[in-house]
Protein chains: 2
Amino acid sequence: LATIRADGRPANRTLSFRGFLHESHRLMFVADARSHEAVELIGSPWADACWYFPVTHEQFRIGGPTTLIGERIREPNLGAVHKDCWRELSDGARLTYALSAPGEPRNSRVPFPTDGPDLTTPLPHFCVIVLEPREVDHLEINGKPQNRWRFSCDSHGRWSAVEVNP
Amino acid sequence: LATIRADGRPANRTLSFRGFLHESHRLMFVADARSHEAVELIGSPWADACWYFPVTHEQFRIGGPTTLIGERIREPNLGAVHKDCWRELSDGARLTYALSAPGEPRNSRVPFPTDGPDLTTPLPHFCVIVLEPREVDHLEINGKPQNRWRFSCDSHGRWSAVEVNP
């Protein structure tokens, strides 16, 4: 997921896909609210996900605005999503939210906690990133020579597609 | 590789790693000079590569300025690199440089060429992207819970490392 830093430079990292929000086309990821990606998305919500499928040799580039669902969201539907994503994390992933702020110098005198946090109550810094696709670039590398389409969504939510040169 | 579009939004795509320039730590990729990535890098040279190694569960995020080596570069060393990268492409990859501009609407009446371009002479739009690492973020996901280091290079080329929270 590519984002923009406060100084205007790009940032990029691998995130695990956590499913679609409410069976819509909106993609979910999780993040620590103290992480660079969360802070960057609050400042510049538009993100670009690049997802490469090595078996089928397809690439999807998915751009759009993001929303962060954190502990202060009180909409009932989103609260359930927040809890569901927390429950579905591995123990190791949940544990990272009990540590000091990501990216800060590690203090070796502070031992890492080893007990997994409670399954039912997300820790305060846990948040869900929701990416709303507005532009999709789909590349089939196995084509002859390659096939590529660009899909875009207008302000009324209508999608259009155009085949483009690879 | 994440870049910045002219409108300030992030762009992201998968590129194949084409080796290190002159056995330095500079990474090489190839691109069509008419592609969005090449145009974006000319406007905003700083890029951020995210490279995930699924077998070892390690992630490297490599940020730094980029240089494009195209047909107008006349430095002998870089000219050889340009030709070497061209020669090492697959036939299918070389063929894409003989097509119409990437990302433009595809004209189905123009048949794709099927003869591979000459091995020894790069086509005019072929260029090599050289990324000079200045910041590296290395994450070991298999640590307990995870291990992460941040490396950075100062203006004198001296590297320093700090262990940070995952």
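The figures that follow rest on heavy atoms only: side chains count, while hydrogens, waters and symmetry mates do not. In what follows, every chain begins at residue 1, and chains take the letters A, B, ... in the order their sequences are listed.
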If Ile, Leu, Val, Met, Phe, Trp and Tyr residues are connected whenever their side-chain heavy atoms lie under 4.5 Å apart, and connections chain through other members, are [X] and [Y] in the same group?
X      : Y      : value
A:W46  : A:V130 : no
B:L99  : A:V162 : no
A:F60  : A:F17  : yes
B:L89  : A:L139 : no
A:L119 : A:Y97  : no

Checking A:D7 against chain B: side chain, backbone, both or neither under 4.5 Å from a heavy atom?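 When you check distances to chain B, no heavy atom of A:D7 falls under 4.5 Å.
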
Which atoms of A:Q59 approach chain B - backbone, side chain, both or neither, heavy atom under 4.5 Å: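 It is the side chain, since no backbone atom gets that close.
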
Could you grab the distance from atom [atom1] of [X] to atom [atom2] of [Y], nearest 0.5 Å is fine?
X      : Y      : atom1 : atom2 : answer
A:E104 : B:R150 : CD    : CZ    : 7.5 Å
B:R148 : A:T96  : CZ    : OG1   : 11.0 Å
A:Y52  : B:L15  : OH    : CG    : 11.5 Å

Portion of [X] that has a non-hydrogen atom of chain A nearer than 4.5 angstrom:
X      : result
B:R61  : side chain
B:L1   : backbone
B:A11  : both
B:R13  : both
B:A101 : backbone

Is the shortest side-chain N to carboxylate O distance from A:D48 to B:R5 below 4.0 Å?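 Salt bridge present between A:D48 and B:R5.
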
Below 4.5 Å, heavy-atom pairs only: which of A:G103, A:P166, A:A49 has the largest tally toward chain B?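 Ranked by contacts with chain B, first place is A:G103.
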
Among A:L95, A:D32, A:I4, A:N12, single out the residue with the greatest number of heavy-atom pairs under 4.5 Å to chain B.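 Option with the greatest count: A:N12.
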
When you compare the side chain of B:V164 with that of A:R106, does any pair of heavy atoms fall below 4.5 Å?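 SC-SC contact between A:R106 and B:V164 ruled out.
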
Could you check if a side-chain atom of B:T3 sits within less than 4.5 angstrom of a side-chain atom of A:P10, using non-hydrogen atoms only?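 No. Closest side-chain heavy atoms not under 4.5 Å.
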
